[in-house]
Protein chains: 2
Amino acid sequence: MEPVNLKRLAKELNLAISTVSRALRDSYDISPETKKRVFELAQKLNYEPNPYASSLRKQKSRTIAVVIPEVANNFFSLAINGIESIAQEKGYHVLIYLTHEDYQKEVSITRHLQSGRVDGILMSVAANTENSSHIVELHNKGIPIIFFDRVSDDIDTSRITTDDYDSGFKATEHLIQCGCKQIAYLSFSQHLSITNKRMRGYLEALEHYNIKPDRKLIILCSSDNGQSYPVLRKLLSGKKRPDGIFASVEKLAIASYHLCEELKIDIPKDIKVISFSNLETASLLNPSLTTITQPAFDIGKKAASVLFRRLEKNKTPFMSETVVLKSALIPRNSTKV
Amino acid sequence: MEPVNLKRLAKELNLAISTVSRALRDSYDISPETKKRVFELAQKLNYEPNPYASSLRKQKSRTIAVVIPEVANNFFSLAINGIESIAQEKGYHVLIYLTHEDYQKEVSITRHLQSGRVDGILMSVAANTENSSHIVELHNKGIPIIFFDRVSDDIDTSRITTDDYDSGFKATEHLIQCGCKQIAYLSFSQHLSITNKRMRGYLEALEHYNIKPDRKLIILCSSDNGQSYPVLRKLLSGKKRPDGIFASVEKLAIASYHLCEELKIDIPKDIKVISFSNLETASLLNPSLTTITQPAFDIGKKAASVLFRRLEKNKTPFMSETVVLKSALIPRNSTKV
DNA sequence: AAGGTTTCCGAAAACGGTTCCGCAAAAAGG
DNA sequence: CCTTTTTGCGGAACCGTTTTCGGAAACCTT
């Protein structure tokens, strides 16, 4: 079975390869009749241009990479959805790389991406990424990187985030207004932009309402449930159990729910819970979970849009833009008074 | 800034390009000293081989495509996780394509994939794909396709599924044993392998327990919530409301929960619910949801393994294998007597 | 020392497109 | 009718690797 490529088309039509190529790209200096002949044969033989030959020659791959910590996560899967919707529209291809929150994996992935495999990168950094020199290196190679949600401040590029500080403030305020005095903040990384901003909001809300922050109520969990559970179990079964929990990520809220069930702690009577979450079933939980919900799909869409805009017009000097989308606080029964 | 490619390395080392190439691939007929010199410079300059040049030359891309209906879905995101874990281990790259359950999109994606962009494909077909000629076409081009979960029977290739018939039977049996007499089966596609097999299990369980199947209880919903809700609302608010629901997919169980809340129908007192689902919060719902849980991560891993095995040894004539993994029925309060 | 083997490396041809350059023939202009 | 311009197409270089083929030098062998 002979391959169907330009050479094949050219031979069957008695044309030069270059002519066929230009006809297919609808170049202005090929006659309409020739174009028609070419199109028809191409259609008939189901010709699909070899993307690798094209990428090699044009030094453009029409492919982007999405580098994220995990995919089995409502926020990221919605974001991917948004990214893919724009990519498909623009005719781009999407490569997925998962770091599993592992710094080393992130390094090796970014290193590989220096190869020119992709035209641009959408990234949300791993929880234990302290150093961003690997990203700087990539950026210095001239490959556009756009951060979304979990950003790195060491690189001058565009960022798409939500209003994490405000949301942190409002979440805490909400708990306070629901009567909580001892509010625990559950973080899962010391290095992440988002957890730190959310924590700042938390701390300043406490201050604003004249509640003295308690270091023992700032709980550093992990992205690994196996490590988080013991820490949380200790918190919840201890003498000075908090009366409010602000979980900076969904996973920790779910852990809290499970532990409250195990420890016979009543939500919201004994303890109130609010969490950042994109759980579609938040309203169906027992009790329904008060959430700060990020517009994950829109973040993905926006990030992809910004990247593609940059890729299409690389002539104009690029201006990094910081887009901040608003999250919504949706009160439900887990913080009911 | 000069590009760092083989030519550059060759020039700086006063070697031929071919020599550098072979040194980097650790070819046996390059002397150890030369290899060392090459490795060191490559390291120093952070050389990454151009994947497109390599793919073009070798006619292999070390890239696979994952074609699925959606990603914001617990089953598929877990499956991707499994796929990616194997791919990363084997040094393969993963392209994601979403059909959004749209037949036309599936056609255009598969058509494009004839280009040689990927070495193999992992696929779960869209809900309204009736005709699989586009997949046959792709398969005829010699590109390995492995189906997982939602398979097509028109192509002779490997399939990774779960025991859908058995699970359908057991789910129905479970409802019957919990006292249900009028069990509705919620499907969302007439063409899908999985929904049909699950339905067969449902029907044969009814028969086995001498319950006459009622056509009006086989409800064809949609992958679009906007269409499913009216249909389900009619079912649940009608005179002859079922006393048991078997949802073939998670989405329909969630819809049922929402509608039962809206219509003040008590689960499990008025109606019992069981569903195929990979919801991590199934046990936290109100009431906790009895599920048939598929080993989604393992399905992804297995599908990827089978594909890679086929890709690595394409010398041996390929035998299609059908792997069936077991789902687990996890009884919870939504079917409590 | 002549012949035969290794050892190590270079030259060059692919892979399948894209694109610059140029050249005939046809059309237009005077 | 001759010159100039336009139109339509072919030739060939190039993108960065891989790989085949072959060749020179060094190493044995007898």
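Everything numeric here is computed off the predicted structure, so don't read it as measured data.
In this structure, B/N5 places its CG atom 14 Å from P of D/dC14, rounding to the nearest Å. Here the P atom of nucleotide D/dT19 and the CG atom of B/D26 are 14 Å apart, to the nearest Å. The distance from atom CG of A/L9 to atom C1' of C/dG17 is 12 Å, rounded to the nearest whole Å. Taking atom NZ of residue B/K58 and atom C1' of nucleotide C/dG16, one finds them 17 Å apart after rounding to whole Å. For the pair B/E2 CD and D/dG16 P, the interatomic distance rounds to 11 Å; values are reported in whole Å. Between the P atom of D/dC14 and the CG atom of B/L56 lies a distance of 17 Å, rounded to the nearest Å. Atom CZ in B/R117 sits about 13 Å away from atom C1' in C/dG17, given to the nearest Å. Distance CZ (A/R57) to P (D/dG16): 10 Å, rounded to an integer number of Å.
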Item to complete: Take B/Q59 and A/Y52 through the side-chain contact (heavy atoms from CB on, under 4.5 Å) test and state the conclusion after the steps.
Response: CA-CA 9 Å; B/Q59 302 288 74; A/Y52 296 128; over 6 Å; no
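Ion pairing between A/K44 and A/E40 fails under the 4.0 Å rule for side-chain N and carboxylate O. A salt bridge between A/R111 and A/E137 is present, with a side-chain N of the basic residue lying under 4.0 Å from a carboxylate O of the acidic one.
A/S158 OG to A/K302 NZ: the interatomic distance, rounded to the nearest 0.5 Å, is 9.5 Å.
Between C/dT18 and A/Q59, no contact under 4.0 Å exists linking OP1 or OP2 to a side-chain N or O.
Checking A/T129 against A/E106 by side-chain atom types alone, a donor-acceptor pair falls below 3.5 Å.
The cationic atom of A/R62 (NZ for Lys, CZ for Arg) lies less than 6.0 Å from the six-membered ring centre of A/Y92 and within 45° of the ring axis.
Contacts with DNA chain D (heavy atom under 4.0 Å) in residues 41-53 of chain B: B/Y47, B/P49, B/N50, B/A53, listed by number.
A rotation axis mapping the C1' atoms of four pairs onto the next four is fitted at both ends of the helix from C/dA1-D/dT30 to C/dG30-D/dC1 over five pairs, and the angle between these axes is 40° to 10 degrees.
A/S54 comes within contact range of the sugar-phosphate backbone alone, with a heavy-atom separation under 4.0 Å but no base atom that close.
Side-chain contact check for A/E48 versus B/L113: every heavy-atom pair is 4.5 Å or farther apart.
A donor-acceptor pair is defined here as one N or O able to donate and one able to accept, closer than 3.5 Å; no such pair exists between the side chain of A/R159 and the backbone of A/E321.
Checked against A/Y47 for a side-chain contact (heavy atoms from CB on, under 4.5 Å), the options A/V38, A/V20, A/L41, A/L24 give a single hit: A/L24.
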Item to complete: For nucleotides 4-10 of chain C, just jot down a letter per nucleotide in 5' to 3' order: B, S or -, based on protein non-hydrogen atoms under 4.0 Å.
Response: ----BBB
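Shortest non-hydrogen contact noted between A/S124 and A/P69 is O-CD, 3.4 Å. Closest approach of B/A304 and B/I86 over heavy atoms only: CB-CB, 3.8 Å.
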